[in-house]
Amino acid sequence: MGGERKFRAVRGVKDILPEQVAAWRHVERTFREVFALYGYGEIRVPIFEETALFARSIGETSDIVEKEMYTFPDKSGNSLTLRPEGTASVVRAFMENSLDKLQPPVKLFYMGPMFRYERPQKGRFRQFHQIGCEFFGVAGPEADAELLQMVHYAFDRLGVPGLKLKINSLGDGECRPKYREALIDYFRPLAEKLCENCRRRLEANPLRVLDCKAASCRELRREAPRTGDFLCGDCGNHFQAVKGYLEEWGVPCTVDSEMVRGLDYYTRTTFELTSDRLGSQDAVAAGGRYDELVESFGGPPTPGLGFALGMERLVLLLPEGAGGGERVPPVFVAALGEEARRIGLRYVTELRRKGVPAALDYDGRSLKSQMRRADRMGARHVLILGDKELEAGRLLLRDMSTKEQEEVSIGSAVERAANLNRKAAE
RNA sequence: GUGGGUGUAGUUCAACUGGUUAGAACGCUGGACUGUGGCUCCAGAGGUUGGGGGUUCAAGUCCCCUCACUCACCCCA
C-alpha cells in the first residue's frame with residue numbers, strides 16, 4: 001500500500017453503506033410502484049447540462065443559480081453545470097425528444113443525485129438524491145390534485161409519521177406581475193426596516209420577502225397583500241377546484257399563503273411536505289405547477305407540474321430497519337481440511353447456481369469459528385464436511401434453529417440443502 | 001458565506017485544578033469445548049488522542065492555524 005495520506009470523501013458527500021441501502025431501495029421500490037400505478041414512465045437524464053439551462057429555468061436571481069451551482073468549463077470551453085435539480089433536464093429532454101408531439105398527458109419520473117454547493121448540515125448535502133416526477137399537458141386542477149394525492153399515497157405507504165402538506169397558489173403570468181407590483185409597493189416604504197437580504201431582493205424577487213424567517217421581516221409582512229387576494233379569476237377557480245378535490249379525496253393539507261418556492265418557474269399551485277422531526281431542513285418533498293416553463297424554453301405552450309423529494313431526509317424519517325428483513329438467509333458450507341474445502345467451494349457454486357445464497361469460510365478456520373460465522377450471517381442451514389464425512393460419503397446438514405443434524409449423501413447434499421433453505425425462506 | 005458547539009481504539013464513551021505505560025463497554029480474534037453457533041468465563045489484537053504549529057520540566061487537557069462533524073443563520077429536497 002504505502003499510502004502517504006488517507007483519502008476522505010470530500011465535504012458534503014456521503015457513502016451509503018449496505019445497511020442503509022436497504023431503506024433506500026425500500027423507498028425507491030415504493031415510488032416505482034406508485035409511479036407505475038399513476039402512469040409514469042422512468043426517464044434517465046444526464047447529470048450535467050449546459051449551465052444556461054439551469055440559469056434560465058431556475059432563475060438568474062435565485063440563490064441556487066447565484067451561488068450554489070457546481071459549474072465548470074469542459075475541455076472545449078463550454079460552461080457545464082452538475083444538475084442542482086431535475087425539472088430543467090426533464091423539460092429539456094421532453095422537448096428535445098419530441099415528447100411534446102405525443103398525445104398528452106406525458107408523465108415521467110426520475111431518481112438520482114443532485115448537486116448543490118451549500119454548507120452541509122443535517123439533511124443537507126452537496127451531493128444529495130431526489131426522486132421526482134413531471135406531468136406535462138394537463139392544465140386542469142385534476143392534474144394538481146392527482147399529483148398531490150399520489151404524493152400523499154406514496155408517503156402513506158411508506159408510513160412516514162408527522163408530515164404536513166402545505167399548499168399555496170402563486171398565480172400565473174396574468175396575475176402574478178400585479179401581485180409582484182403590489183408587494184413592492186407595500187414593502188418599499190418599509191425597506192429601511194427589512195433585513196439586509198430582503199432589501200437587496202425586494203426589487204429582483206419580492207416574493208422571497210414573504211419567505212424570510214427574520215423576526216423583523218415576519219412582523220413587517222403581517223399586513224402585506226396576500227397571494228390569494230390577487231389571483232385572477234382563472235387562477236382563483238383553479239385553486240378552489242384543487243382544494244375541493246383534495247378534500248373530497250381525503251388528502252389533508254393546509255393553505256399557507258406565505259409559502260414561496262425557491263425556483264422561479266412555478267405558477268399557480270405550489271406545495272411543500274414538511275416534517276417537524278428534521279430540524280431546520282424540514283422540507284421532505286416539494287413541487288408545483290410550471291405552466292410557462294416549456295414555452296420559455298422555446299417549446300409550444302405546455303402546462304406542466306411536478307415534485308421532488310429528498311432521499312436523505314426521507315430516509316431519516318423512516319423507522320429503524322425499514323426495508324430490511326427481505327434478505328434470503330444463506331446456506332453456510334463449513335469445510336475442514338483441504339480436500340473438504342475444494343468440495344465445499346464446488347457446493348457453494350452449485351447452491352448459488354440453484355438460486356440459493358451460499359457462503360463459506362475462506363481462511364480454513366476451526367469448525368467452531370466457522371459455526372460462529374454461519375450464525376452471525378444468519379444462516380439457517382450449515383453443511384458440514386470434514387475428513388470423517390468424506391470417508392463415509394455422508395455429510396452433516398445442521399438446522400441452526402433446531403440444532404438437529406441429519407446425514408445426507410454426498411450426491412444429494414446440495415439438493416437437500418437447497419430445498420430446506422427454500423422452504424425456510426417462505 | 002456568517003456564528004456557536006464538538007473531534008480520544010472499528011463503535012459509544014471515560015481520563016480531578018496540565019503530571020507515570022491513555023481506560024471501559026460493545027465489536028473483532030483465539031481459547032475453555034484439540035469437530036459444532038447464540039449464553040458464560042478467560043486471554044489477545046487494536047490509539048502518532050482529526051492534522052500541523054506553539055506555551056511548558058511535562059499537553060488528550062492550555063493557545064493559534066487547519067480539516068471534519070454538528071447545530072443555528074441562510075437556502076432548500
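Quick note on labels: first sequence line is chain A, next is B, and so on, each numbered from 1.
Here the separation of G47(B) from A22(B), taken at their C1' atoms, is 8 Å to the nearest Å. Comparing the same atom, P, in C42(B) and in C33(B) gives a spacing of 16 Å after rounding to whole Å. Remark: the separation of the P atoms in G52(B) and A9(B) is 15 Å, to the nearest Å. If you take atom C1' in C26(B) and the same atom in G5(B), they sit 27 Å apart, rounded to whole Å. The C1' atoms of C69(B) and C62(B) are separated by 23 Å, rounded to the nearest whole Å. Straight-line distance between the C1' atoms of G50(B) and U8(B): roughly 10 Å, to the nearest whole Å. Here, U21(B) and G10(B) have their P atoms 22 Å apart, quoted to the whole Å.
Checked against a 6.0 Å centroid threshold, the rings of Phe136(A) and Phe94(A) count as neighbours. In summary, the aromatic rings of His152(A) and Trp249(A) are positioned with their centroids too far apart to meet the 6.0 Å limit.
Within a 6.0 Å sphere centred on CD of Glu33(A), other residues, nucleotides and ligands contribute more than 12 heavy atoms.
Base pairing of C28(B) is made with G44(B), judged by Watson-Crick or G-U wobble geometry with both donor-acceptor distances under 3.5 Å. Using the Watson-Crick or G-U wobble rule with both distances under 3.5 Å, A68(B) pairs with U6(B). Within the shown strands, nothing qualifies as a pairing partner of G37(B) under the Watson-Crick or G-U definition with both distances less than 3.5 Å.
By the 30° and 60° cut-offs, the orientation of the rings of Phe31(A) relative to Phe307(A) is tilted. The aromatic rings of Tyr266(A) and Tyr290(A) sit tilted relative to each other, their planes meeting at an angle between 30° and 60°.
For Lys67(A), counting side-chain heavy atoms from C-beta on, the closest listed nucleotide (G37(B), C74(B), A77(B)) is C74(B). In the set A68(B), A72(B), U29(B), the nucleotide with an atom closest to the side chain of Arg376(A) is U29(B). Of the candidates C76(B), A68(B), G37(B), A68(B) carries the atom nearest the Arg8(A) side chain, counting heavy atoms from C-beta on.
Nucleic acid contact class of Gly12(A) (heavy atoms, under 4.0 Å, all strands): sugar-phosphate only. Gly132(A) comes within 4.0 angstrom of no nucleic acid atom, judged by non-hydrogen atoms across all strands. Using a 4.0 Å heavy-atom distance criterion, Arg365(A) is classed as a sugar-phosphate-only contact. Nucleic acid contact class of Ala286(A) (heavy atoms, under 4.0 Å, all strands): sugar-phosphate only.
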Protein-nucleotides 33-36 of chain B N/O pairs closer than 3.5 Å?
{"unit_1": "G35(B)", "atom_1": "O6", "unit_2": "Lys388(A)", "atom_2": "N", "d": "3.1"}
{"unit_1": "G35(B)", "atom_1": "N1", "unit_2": "Glu389(A)", "atom_2": "OE1", "d": "2.8"}
{"unit_1": "G35(B)", "atom_1": "N1", "unit_2": "Glu389(A)", "atom_2": "OE2", "d": "3.1"}
{"unit_1": "G35(B)", "atom_1": "N2", "unit_2": "Glu389(A)", "atom_2": "OE1", "d": "3.4"}
{"unit_1": "G35(B)", "atom_1": "N2", "unit_2": "Glu389(A)", "atom_2": "OE2", "d": "2.6"}
{"unit_1": "U36(B)", "atom_1": "O2", "unit_2": "Arg398(A)", "atom_2": "NH1", "d": "3.4"}
{"unit_1": "U36(B)", "atom_1": "O2", "unit_2": "Gln405(A)", "atom_2": "OE1", "d": "3.0"}
{"unit_1": "U36(B)", "atom_1": "N3", "unit_2": "Gln405(A)", "atom_2": "OE1", "d": "2.8"}
{"unit_1": "U36(B)", "atom_1": "O4", "unit_2": "Gln405(A)", "atom_2": "NE2", "d": "3.4"}

Give me, pair by pair, the N or O atoms of the protein and of nucleotides 1-5 of chain B that are less than 3.5 Å apart, along with how far apart they are.
{"unit_1": "U2(B)", "atom_1": "O4", "unit_2": "Arg119(A)", "atom_2": "NH1", "d": "2.7"}
{"unit_1": "G3(B)", "atom_1": "O6", "unit_2": "Arg119(A)", "atom_2": "NH2", "d": "3.4"}

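The side-chain contact (heavy atoms from CB on, under 4.5 Å) test applied to Arg352(A) returns Val348(A), Ala358(A), Tyr362(A), not counting sequence neighbours.
For the pair Arg126(A) and Phe115(A), the cation does not sit on the ring face, since its NZ or CZ is not both under 6.0 Å from the ring centre and inside 45° of the axis.
The separation between Lys403(A) atom NZ and G38(B) atom P is 9 Å, rounded to whole Å.
The CG atom of Leu165(A) lies 7.5 Å from the CG atom of Leu246(A); values are rounded to the nearest 0.5 Å. The CD atom of Glu28(A) sits 9.0 Å away from the NE2 atom of His129(A) when rounded to the nearest 0.5 Å.
For Thr81(A) and Thr71(A), the side-chain atoms include at least one donor-acceptor pair closer than 3.5 Å.
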